[in-house]
Structures are given as structure tokens and as C-alpha cells.
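Counting starts at 1 for both ligands and their atoms, following the listed order. For reference, positions follow the sequence shown, starting with 1.
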Amino acid sequence: MSNFHQSTRSIHGSSLKDQHGAPHLPTYNTTTFTFESTDSLLEVIDGKKPGALYTRYGMNPTIYSLEEIMAAIEGAEACLGFCSGIAAEVAVFTQYGRDGAVCLGDVYGGTLELLTDQLPLLGIETSFLLGTELEKLEGLLQKGAKLVFFETPTNPALEIFDIRAISNLAHKYGALVVIDNTFASPVNQRPLEFGADLVVYSATKYLGGHSDITAGFVLGSSDLITPINGWRKSLGSVVAPETAALLARSLRTLTIRVRAQSESAQVIAEALEADQRVRRVLYPGLKSFPDHALAARQMSGFGGVLTIEVDGDAKTTADVADRLELFGLAPSLGGTESLATQPVTTTHHDLSAEERERRSITDSMIRLSIGLENPEDLVADLTQALDAVEQ
Ligand SMILES: *Cc1c(COP(=O)(O)O)cnc(C)c1O
């Protein structure tokens with residue numbers, strides 16, 4: 001498969017050949033699998049032969065075929081499917097975060113909650129550095145931190161981290177680099193090619209792509225993935241076969257969806273940058289974006305998410321959001337329908353005003369997830385909503 005382009009791999013990535021010739025991944029909606037003999041059962045139990053055994057172990061053809069497709073898309077040796085993005089993160093941190101982890105920049109609110117509220121109860125401690133504090137990373141690695149975790153682009157400011165430079169530094173100290181690649185998706189960024197060790201996804205976003213699936217993935221080398229599989233099994237956090245089949249269907253259109261979303265986001269970012277009622281547009285595809293050159297080096301497209309800063313206060317910004325007709329007000333992203341959210345009311349609502357300021361998250365920000373509607377219609381919708389700003 002590896003000699004084919006990504007869109008081809010996303011359609012033909014599974015080696016499963018169903019006896020009826022089904023072109024789609026069949027749903028093996030079954031919890032267990034029967035064997036011809038004790039010998040053939042033992043071969044699978046002892047790992048001498050791959051095969052179907054028990055669904056919670058991921059040993060279900062729908063689940064391992066989905067993982068095969070996803071590994072082909074990412075260009076990774078191994079892949080595990082989880083019931084959510086957070087479940088994937090829990091398995092990674094419990095396996096590799098125990099000697100201390102470092103989290104760089106802004107991360108998904110649920111990740112922050114996991115790292116600050118729950119994992120410390122298990123003795124898994126994470127240090128947090130903002131993008132402006134990267135010079136402190138080496139000191140933390142010298143002290144023994146063995147896992148460096150970040151998102152790039154970040155949420156909601158779309159800050160870009162240099163995957164290659166950070167991986168080189170972390171590897172000098174024997175630490176692993178784990179990237180939450182949810183925002184970029186494998187269409188726009190493949191962190192393993194830049195030296196990262198593991199990639200995690202919330203498949204709930206672009207991979208599922210229709211706002212109707214909750215799932216997650218971890219990808220990397222077999223050596224690193226195998227121990228994570230033990231956690232998935234014992235935490236019981238495997239993706240369900242029904243979800244796995246739906247997700248395999250979604251992956252067939254991943255490349256075309258994300259490309260269209262990224263192209264529309266560029267059109268919208270440029271249109272809004274020219275609108276005086278918008279103070280700032282944060283989008284890695286804009287030449288004016290501070291990290292544009294770095295983004296262009298490690299991304300093949302700039303993604304379907306952009307953040308604008310309205311020229312007004314929190315109330316005016318909420319008025320703009322409320323006037324939107326095509327954009328739904330919701331804190332998620334990656335679906336076919338466009339969504340808008342004011343981070344101060346949703347994703348970063350639980351942070352103190354001080355912490356938001358430290359993270360440069362302002363009351364006037366609106367994060368836009370661009371769907372598959374016509375971009376001209378979306379620009380028109382945003383333009384009429386911006387009439388809420390007094391000139
Ligand atoms: C949504 C999201 C997650 C969590 O994913 P769930 O599937 O909701 O558990 C993690 N990281 C990022 C960047 C996300 O957007």
C-alpha cells in the first residue's frame with residue numbers, strides 16, 4: 001500500500017477480504033469468536049497467529065481492519081483504535097508519562113483536565129510550558145521528563161510548534177514526543193515523518209468528519225504501540241465495531257474533505273483579514289501569520305480551523321456569534337457543517353481570566369471550524385454577522 005497516494009490508501013488500506021466480496025468493511029457486531037479446535041484457539045491466544053478472538057482486546061476484524069487502514073493513511077507501522085480521543089491519551093500517558101511529562105502550549109480543555117485533575121492522582125505529573133517558555137524544556141528533560149506532548153496547530157490561537165526541532169531535543173534525553181494531530185489531520189501533517197514518536201487523534205473531529213462518531217487513535221512503531229495495547233485492554237477503552245465500520249467509511253472521504261475544508265478556510269481567512277471589523281485573523285495559511293513559514297515547512301495544507309478577533313468586547317463578539325445563520329454555535333470541529341465558538345464561553349471557560357490572558361486567549365475571539373458548504377456563502381454569513389460590530 002505504501003507506494004500509493006494517501007486517498008488511495010484510505011480506500012484500499014484494509015487487507016480483509018470478505019467471502020461475499022463486500023467492498024466495504026463488514027461490521028462484525030460480535031463480542032467473541034469461535035474456533036475449530038483447541039489448537040487453533042491457542043495459536044491466536046498465544047499470539048502465534050493474528051486473528052479474531054474477543055472484541056474488547058481489539059481482536060475483531062472490523063476493529064483491526066480499521067486500524068490497518070488508519071496506519072496506511074498515516075504511514076505508521078502500528079495503530080490502535082479507542083472509544084474516544086481522551087481514552088487514547090489516557091492509555092499513552094499511563095504507559096509513557098510515569099517518569100514525568102511536559103505539555104507544550106495550549107491543548108484541548110479535556111486534555112488539560114486529564115493532566116491536571118486525574119493523572120496526578122495516579123502519580124503521573126505533567127509540567128506545562130507555553131510557546132513563549134520553550135527555553136525551559138531542556139531543563140525539564142535534564143530533570144528526567146520522558147514524554148513531551150503537544151498539539152500543533154494549537155487551539156484556539158493556531159500556534160505552530162517545530163516538530164523536528166522539539167523531537168531532536170527530546171530524543172537527546174531519551175524522551176518520547178507525542179503529538180495530538182487532531183487539528184491538522186494526516187491529510188495536512190504527518191508528525192512521524194518529522195521525528196515524533198507517537199501520534200494521537202480524536203477521530204471525533206476530521207477523521208469521523210460528520211459529527212456523528214466518538215473515537216480515537218494512537219499510531220507509531222509496533223515497539224511503542226504494543227505496551228499501550230495492554231492499557232487499552234485493561235481500561236476497556238477499545239473502539240466499538242459499529243463505530244469502527246462507520247469510521248472506515250468516513251476515512252474513504254478524508255482526503256477530499258480536509259482538502260476542501262482547508263481551501264475554504266484560506267478563502268475565508270483572506271476575506272476576513274480584509275474586513276475592518278475584524279481586528280486579527282489567526283490562520284497558518286495567511287502570509288501575515290507569525291508562524292506561516294514554519295507551518296509551510298511541516299504542513300501540506302493549513303487546516304479547516306481559523307480564529308478571528310472581532311473589533312469589539314465580549315458582548316459584541318457574542319452578538320456576532322449569535323447572528324451567524326449557517327455556522328452552528330458549538331465547541332467541536334471537523335464536521336461537514338461549519339461551527340463557531342467563542343473560546344471564552346466554551347473551550348476555555350473554566351480557566352481564570354488571568355490564565356486566559358497568560359495564554360493570549362481574548363474575549364473577542366471566535367474560533368471557526370469550516371465545513372463543506374460553499375465558501376462564498378460562509379463569507380456572506382460572516383459578513384452579515386459582523387454588522388453587529390458598531391463602526
Ligand atoms: C476533541 C479533542 C480531543 C478529545 O477527543 P474526544 O474524542 O472528545 O475524546 C483531544 N484533542 C483535541 C485536539 C480535540 O479537539
Notebook entry, point to check: Counting N and O atoms only, with roles assigned by atom type, does the side chain of Gln6 sit under 3.5 Å from a partner on the main chain of Pro186, one being a donor and the other an acceptor?
Noted result: yes
Checklist line | Structural part of Ile86 in contact with ligand 1, heavy atom criterion under 4.0 angstrom | finding: both
Check: Is Lys205 in polar range of ligand 1, meaning some N or O pair under 3.5 Å apart?
Finding: yes
Note to self: Within the structure, is a non-hydrogen atom of Ala87 found at a distance of less than 4.0 Å from ligand 1?
What the structure shows: no
Check: Taking non-hydrogen atoms only, is Ala215 closer than 4.0 angstrom to ligand 1 via side chain, backbone, both or neither?
Finding: backbone
Notebook entry, point to check: Any N or O on Leu333 sitting closer than 3.5 Å to an N or O of ligand 1?
Noted result: no
Notebook entry, point to check: Sequence neighbours excluded, which residues qualify as side chain to side chain contact (heavy atoms under 4.5 Å, CB included) partners of Arg323?
Noted result: Gln384, Ala385, Asp387, Ala388
Item checked: Nearest-neighbour protein heavy atom for atom 8 (O) of ligand 1, which is reported as residue plus atom name and distance -> Tyr108 OH, 3.9 Å
Margin query: For residues 354-382, which residue pairs pass the ring-ring contact (aromatic ring centres under 6.0 Å, His included) check, not counting sequence neighbours?
Written below: none
Notebook entry, point to check: Between Ser202 and ligand 1, is there a nitrogen or oxygen pair with a distance under 3.5 Å?
Noted result: yes
Note to self: Only heavy atoms of Gly85, strictly under 4.0 Å: list the atoms of ligand 1 that pass.
What the structure shows: 5 (O), 6 (P), 7 (O), 9 (O)
Note to self: Cation-pi check for Tyr173 against Lys146: NZ or CZ below 6.0 Å from the six-membered ring centre and within 45 degrees of the axis, yes or no?
What the structure shows: no
Notebook entry, point to check: Backbone N or O of Pro26 within a donor-acceptor pair of the Thr62 side chain at under 3.5 Å?
Noted result: yes
Checklist line | Sub-4.5 Å side-chain heavy-atom contact between Phe302 and Tyr283 | finding: yes
Checklist line | Atoms in ligand 1 flagged as close to Glu89, the criterion being non-hydrogen separation under 4.0 Å | finding: 10 (C), 11 (N)
Next item on the list: Please identify which atoms of ligand 1 are closer than 4.0 Å to at least one heavy atom of Asp180.
Entry: 10 (C), 11 (N), 12 (C), 13 (C)
Next item on the list: State whether the shortest distance between N or O atoms of Thr204 and N or O atoms of ligand 1 falls below 3.5 angstrom.
Entry: yes
Note to self: In this structure, does ligand 1 have an atom that sits under 4.0 Å from one of the heavy atoms of Asn155?
What the structure shows: no
Margin query: Hydrophobic clustering (ILVMFWY, side-chain heavy atoms < 4.5 Å, transitive) - are Ile160 and Val199 grouped together?
Written below: yes
Item checked: Among Phe150, Phe183, Phe194, the one residue meeting ring pair (Phe, Tyr, Trp, His ring centres under 6.0 Å) with Phe161 -> Phe150
Margin query: For Leu53, is there any backbone N or O sitting under 3.5 Å from a side-chain donor or acceptor partner on Asn60?
Written below: no
Checklist line | Close-contact set for ligand 1 against Glu151 heavy atoms, below 4.0 Å | finding: 13 (C)
